[in-house]
Amino acid sequence: MKSKPLRIVSQTYGYVFLFLAGCLLTTLFNSQQVESQNKPTTISLAVPVKPDKLKTFPPSHQQPSKEAVEMDFLKNLIAWPSTPLLPINLSWNDTSDPAHSSFTVLPKRGGGQWRVGDELEVLIQIYNFQGKPKKSGGDVLLARLHSPSLLAGVAGKVVDHLNGSYSALFPLLWEGNVQVEVILVHSSEAVTVLDFLSHSQPYRVYFQSLFRSGPLTETTNCNIYIDAPQEQLCNYTDLYTGEPWFCYKPKKLSCDARVTHTIGGFEKNIKPQEEMLFQSGINMKVSIPLSSHPNISVHPRVEDQIKGTNNMRKNPSGYYYHGVWRPLDGTKLQQFNSSKAASQCLRGKVLHLFGDSTIRQWFEYLISFLPDLKNFDIQSSKQAGPFIALDYTNNIFLTYRCHGPPIRFANVPVAQLRYIANELDHIDGSPNTVVAIGVWSHFSTFPVDVYIRRLQSIRKAVVRLLSRAPDTLVVIRTANPKALTVYEALTNSDWYSIQRDKLLREVFKGLNVHLVDAWEMGLAHHLPHNLHPQPPIIKNQVDVLLSYVCPLPTNQTKENL
């Protein structure tokens with residue numbers, strides 16, 4: 001009988017012990033949360049796995065996640081035609097030569113005169129340096145139709161027939177004489193090298209961080225993945241997005257002493273015979289000659305004519321005429337040629353620009369174009385930002401922030417390394433809020449999985465933003481073609497950009513976002529390709545942006561303004 005009260009007492013102490021233990025664990029958890037918000041992340045995770053080694057699907061007994069299924073689909077979407085393996089004794093003579101190659105304008109289907117609304121097709125044949133026709137595809141070609149006297153141009157659609165021949169298709173959108181330009185960006189042999197680098201040396205661009213405590217400083221290498229034991233690494237994986245980032249631990253300082261991020265360098269580990277495939281003016285970014293010089297004169301459309309552009313495999317998003325971009329996606333473009341018109345459009349607006357240096361150009365254009373929009377000096381890096389500009393008269397607030405690593409900028413304070421998804425989650429959103437995003441260039445050398453996961457993370461944040469504030473305007477800037485050197489080709493080639501551009505469009509397809517097609521706006525323009533497009537192209541891009549910000553009423557046209 002005496003054992004029963006003892007059992008009750010022991011149970012009571014047991015409950016008290018469990019309650020106190022629970023409180024202690026809760027306190028520890030909360031303190032760690034607070035601490036993690038104020039210090040670099042040094043949580044203990046499993047040893048990182050190379051992103052290109054990650055399996056798309058989990059074990060068969062689990063259902064693949066939506067993101068994993070999408071990952072597989074997207075990687076198939078950008079699959080490139082097979083290119084030849086390079087022999088050990090690679091001969092220059094066997095590779096694609098733009099000087100020996102040529103293209104021919106095919107006769108109009110059904111005969112007769114070329115008219116606005118028709119589709120023009122050219123046939124391209126690639127030859128090697130011996131003058132022999134190539135028998136396989138995989139070359140990187142760009143094409144445009146243009147009229148220099150009219151400052152008109154449109155990008156063409158290139159089709160690979162996988163036998164050394166290609167077609168380029170163009171809609172005829174204006175009257176007058178037109179010319180075709182076809183550019184060999186890379187030979188199929190060069191693509192073989194680029195593809196090999198993507199798989200064998202995905203971390204050939206590396207980064208560094210400075211660690212400092214008082215007078216003591218150390219610098220170590222950093223990257224998305226580092227092949228080293230976990231105990232040798234500082235783990236800065238973002239707690240919210242899951243984006244991985246690692247640095248080697250400094251010898252005398254703690255992981256919390258990290259103060260800056262910077263581009264470290266580039267390991268160019270290719271053979272001399274491979275490097276010869278990337279020679280500007282010889283076999284890289286060189287125009288292919290026209291086999292004959294027909295006079296292509298485009299006449300007005302006739303009433304009973306069927307619009308040929310409706311049958312194109314991929315309609316262009318727009319074209320230039322008199323140097324002005326004309327969208328074909330239904331957007332009513334306005335030209336903001338005066339600072340007064342642009343200021344009136346942006347009156348009472350908050351604009352947040354996120355991404356790389358190509359979207360930073362929009363910030364630079366706006367503060368140079370709008371006299372009352374003044375850059376507020378917060379002593380930030382001229383390359384990385386962040387930047388803030390204010391127009392008190394018109395109540396305009398403009399910001400720019402670079403995206404999180406990998407970012408090939410120099411000396412970015414760690415405190416300013418922010419992931420776009422996290423920044424979007426701190427924006428309330430409203431009908432007067434504009435968010436513009438441009439992310440592509442700095443992901444070229446990494447496994448495509450890294451870029452896809454970053455886009456998926458940003459897309460989730462965009463969906464959350466539009467869910468809580470549906471009237472927020474979100475604009476996506478695409479990639480653009482650029483001039484190529486050996487370094488640019490191996491780290492930032494148009495071949496890489498073409499793939500990232502396709503992925504970017506696909507990931508955001510179907511969302512309530514708007515697109516500024518920087519790719520076609522760069523390709524269709526008469527100015528040379530440049531990583532940072534020249535002012536006339538930027539002006540057209542910003543005009544598209546502002547046309548989204550201040551759309552015309554459905555019953556109003558540009559002429560009514």
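We're numbering straight along the sequence, starting at 1. All values below were derived from every heavy atom in this structure, side-chain atoms included, with hydrogens, water molecules and symmetry-related copies excluded.
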Residues S444 and N492: side-chain donor-acceptor under 3.5 angstrom: yes

R418 backbone acceptor or donor facing R401 side chain under 3.5 Å: no

Non-hydrogen side-chain atoms of D425 and Y240 separated by less than 4.5 Å: no

Geometric class of the F129/H100 ring pair [parallel <30°, tilted 30-60°, perpendicular >60°]: perpendicular

Criterion side chain to side chain donor-acceptor pair (under 3.5 Å) on S187 and S96, from CA distance to verdict: CA-CA 5 Å; S187 65; S96 302; 5.0 Å; no

pair W495-D195: side-chain heavy atoms closer than 4.5 Å: yes

Minimum side-chain heavy-atom gap F266-L490 below 4.5 Å: yes

Given E70, E67, K66, the one that forms side chain to side chain donor-acceptor pair (under 3.5 Å) with Q456: E70

R258 side chain vs V414 backbone, donor-acceptor pair below 3.5 Å: no

SB check E189 K134 (cutoff 4.0 Å): yes

Option passing side chain to side chain contact (heavy atoms under 4.5 Å, CB included) with K285 (candidates P528, P481, P98): P481

Test log, rule side chain to side chain contact (heavy atoms under 4.5 Å, CB included), inputs R408 and F207: CA-CA 8 Å; R408 294 194 294 264; F207 304 84; 4.0 Å; yes

Note, N512 side chain near P470 side chain (heavy atom, < 4.5 Å): no

Chi angles and distances behind the side chain to side chain contact (heavy atoms under 4.5 Å, CB included) call for K75, I452: CA-CA 9 Å; K75 292 170 78 170; I452 292 173; 4.0 Å; yes

Result of checking S493, S441, S497 against K482 for side chain to side chain donor-acceptor pair (under 3.5 Å): S497

Euclidean distance, Y400 OH relative to D356 CG, rounded to 0.5 Å: 6.5 Å

Expected output: side-chain S101 to main-chain I124 donor-acceptor under 3.5 Å: no

OH (Y206) with more than 12 external heavy atoms under 6.0 Å: yes

V486 backbone acceptor or donor facing E275 side chain under 3.5 Å: no

Check: H146 main-chain N/O paired with E181 side-chain donor or acceptor under 3.5 Å: no

Spatial distance of atom CZ (F246) from atom CD1 (I226) [nearest 0.5 Å]: 8.0 Å

Side-chain heavy-atom pair D517, R505 within 4.5 angstrom cut-off: yes

Ring centers of H442, F409 separated by less than 6.0 Å: yes

Ion pair R360/E364, N-O distance below 4.0 Å: yes

Name of the residue among N223, T220, N221 meeting side chain to side chain donor-acceptor pair (under 3.5 Å) with Q208: N221

Short side-chain to backbone donor-acceptor contact, E520 and S317, under 3.5 Å: yes

SG proximity flag C234/C247, limit 2.5 angstrom: no

Test ring-ring contact (aromatic ring centres under 6.0 Å, His included) applied to H403 and F354, Y419, F443, the passing residue: F443

No-hydrogen, no-angle side-chain donor-acceptor test under 3.5 Å, T433 and H352: no

Ring centers of Y236, H261 separated by less than 6.0 Å: no

Side chain to side chain contact (heavy atoms under 4.5 Å, CB included) between L473 and V435, intermediate numbers included: CA-CA 6 Å; L473 176 64; V435 172; over 6 Å; no

V193 and F278, any side-chain heavy atoms less than 4.5 Å apart: yes

Test item: V516 and M521 side chains (from C-beta on) under 4.5 Å apart, heavy atoms: yes

Any H525 side-chain heavy atom under 4.5 Å of R144 side chain: no

Residue pair L424, R464: steps toward the side chain to side chain contact (heavy atoms under 4.5 Å, CB included) verdict: CA-CA 9 Å; L424 294 179; R464 292 191 292 268; over 6 Å; no

